[in-house]
Amino acid sequence: MNDNGCIHLNNFKAAKGTHPYKIVHAFFVSCTSYEARKYKATSCLCFTCGKTGPRMHSCLHCIFFGCYSGHIQDHSKTKKHFLYVDLGFGNIFCAQCQDYIYDRELTDIAVTYKLKQAKSLGLNVPYTPWLPNNNEAMALRRLRKRRLISPHTTIGLRGLQNLGSTCFMNCIVQALIHTPLLRDYFLAEKHKCKAQSSGKCLVCEVSKLFQEFYSGAKTPLTLHRLLHLIWTHARHLAGYEQQDAHEFFIATLDVLHRHCMNGVEDIEKKENGRCNCIIDQIFTGGLQSDVVCTSCSGVSTTIDPFWDISLDVAGPGSLQACLERFTRAEHLGSAAKIKCSNCRAYRESTKQLTLETLPIVASFHLKRFEHSSQIDRKISAFISFPAELDMTPFMSSHRRAVDMAGADNNNAPQGIFEDNRYSLFAVVNHLGSLDAGHYTAYVRQMKGSWFKCDDHMITRASLREVLDSEGYLLFYHKTVLEYECDVS
Amino acid sequence: MTVNNTIAHQRLILTGDRERFKDLLMRRLIECGWRDQVRMLCREAVKENEGGNVNFDTLVSRVTPRARALVPDTVKKELLQKIKTHLLTPKD
Ligand SMILES: [Zn+2]
Ligand SMILES: [Zn+2]
Ligand SMILES: [Zn+2]
Ligand SMILES: [Zn+2]
Ligand SMILES: [Zn+2]
Ligand SMILES: [Zn+2]
């Protein structure tokens, strides 16, 4: 098999060029415009039997549509028109070679038109796997040492020494190391350091850490240098006493984001002015707040970025119930009047939070620790959480559609093609009491393969065990990644 | 195909929804590993036919029945339900 076509196609291209293929593809395979869809909808019927299939083909030599149950073949034989195009996929059949043939030039045209179609329909670009170019293929061939990843591999798993109450840090590092997209970023060596001395760059340190985790070595690691670097950048976390894992998680994201920002990494700010560093690309979502004035029904909307969602746990028994309550409209009483710009006066209002944009990694913080002037306590209530979570009900767009259609219609038609499914990949647990506690983490190493990380000890775990645990921080990864269209 | 069917079919193409459903189906089949399974079936079929010339038609006739049977019920159900909902939603 090659992609140089066949002699028949090459002769055809020499005589007529690629124009006939382009026309067929743009109008009847990809439909790059509304005009094209109109043609396809009304005229794509077999010229012989009038049906829409099976497997409609178009003659490349003349205007003729025929189905693959014999009619396109008949046409090809009687007219000696040997090349025809499959309208479902755009592949070219050569009747003289009696098979579909591949031609690089025409394949490139097909790819471009497919992208144009995706753009005209507002679809996400389909994922195309990485293919090595000539240089990369050569480099790979030169590389002798290879590692085969088997289904039972323990690659990427390493314990972390406890340096005296540093389990709060170990469990966050384990969760970050097993964040699929972050792992891909660092293992692909995407961080190009421009810091004066790389010894001070925290992002470089994390990059090295990923290499250590995936080196294949099994001995537990010590995080002296990382700890030191974080301490120098987040002084409030310094010292060897037990800290809150959630606080450490947010501080780590912040330090990493700042290191990316300090001109260390090329940052293209997005149109909305938000930071586009790897941390923000993965962890940042948009929280929408709608405040509705009860007098004039005027709405004031603000959208704020977030890295995680903190949820009250008193009352509801599941993550979904917590989220349901988090996004419910709440009446702000007479004691909390807000100035309405419409009424130009302080008014009572309702406030509703919804998710405007979802991050690739959705991090939930179950507020198990209560700190007040009277009492510090831990809420150990069991909160169930699913392995697969659909975030659609908590989205701003969904709430709007539900409000407009009435509360009983949950099938907002515009949501059919949206995909907001998330999969659990890490859970941080706090065991014991407020002042004598210990942190551990469950991480998903591969699909369906869970491990418990208890400082230097790594043991296999079942999904049931994970879901039955007293979760403190829950990490979900978008199940299917989407890619933005990049064609003009 | 009845007139009503033809109109529904044409409307699906015209609005681009047919492509959207196709795209959704493709994503689901990739996610659940169906595409990889079918790829393996094709590979086996080519291997079995060693020496002989395997063309697309023989491959299709050999792999299609098994490939059809491998489509998970959850995928069929989701697509069916979504297409139904979509067609029953009144359009202006
Ligand atoms: Zn012809
Ligand atoms: Zn026909
Ligand atoms: Zn040929
Ligand atoms: Zn660096
Ligand atoms: Zn950033
Ligand atoms: Zn007002």
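Here is how names work: the chains are called A, B, and so on, in the same order as the sequence lines, proteins then strands, and each is numbered from 1. All of these numbers come straight from a predicted model, not from anything done at the bench.
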* To do: Could you please spell out the steps behind the salt bridge (charged side-chain N to carboxylate O under 4.0 Å, His left out) verdict for R37(A) and D17(B)?
  => CA-CA 11 Å; R37(A) 291 205 296 274; D17(B) 287 330; over 6 Å; no

Residue [X] excluded, over 12 heavy atoms near [atom1] under 6.0 Å:
{"X": "I23(A)", "atom1": "CD1", "result": "yes"}
{"X": "R18(B)", "atom1": "CZ", "result": "no"}
{"X": "I63(A)", "atom1": "CD1", "result": "no"}

* Which side chain to side chain donor-acceptor pair (under 3.5 Å) pairs, counting each pair once, include a residue from residues 55-76 of chain B, with sequence neighbours left out? ->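 Qualifying pairs, neighbours excluded: Y68(A)-D57(B), N55(B)-T58(B).
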
* May I ask you to decide whether E19(B) forms a salt bridge with K114(A), counting only side-chain N to carboxylate O separations under 4.0 Å? =>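 Judged by the 4.0 Å cut-off on N to carboxylate O distance, E19(B) and K114(A) do not form a salt bridge.
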
* **Heavy-atom pairs under 4.5 Å with chain B, option from L45(A), L121(A), T42(A), N91(A) with the top count** =>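 Of the candidates given, the most pairs with chain B belong to L121(A).
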
* **Distance in Å, F56(B) CZ paired with I101(A) CD1, rounded so as to fall on 0.5 Å steps** =>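 Atom-to-atom, F56(B):CZ and I101(A):CD1 are 13.5 Å apart.
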
* Asked: Taking it one step at a time, do Q10(B) and K40(A) satisfy side-chain contact (heavy atoms from CB on, under 4.5 Å)?
  -> CA-CA 8 Å; Q10(B) 288 183 343; K40(A) 180 166 182 159; over 6 Å; no

* Asked: Would you say the side chain of R28(B) lies within less than 4.5 Å of the side chain of D419(A), judging by non-hydrogen atoms?
  ->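 Result yes, sub-4.5 Å side-chain heavy-atom pair found.
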
* Qualifying residues under side-chain hydrogen bond (donor to acceptor under 3.5 Å, both in side chains), relative to H81(A), sequence neighbours excluded ->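 With neighbours one apart ignored, the set is H75(A).
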
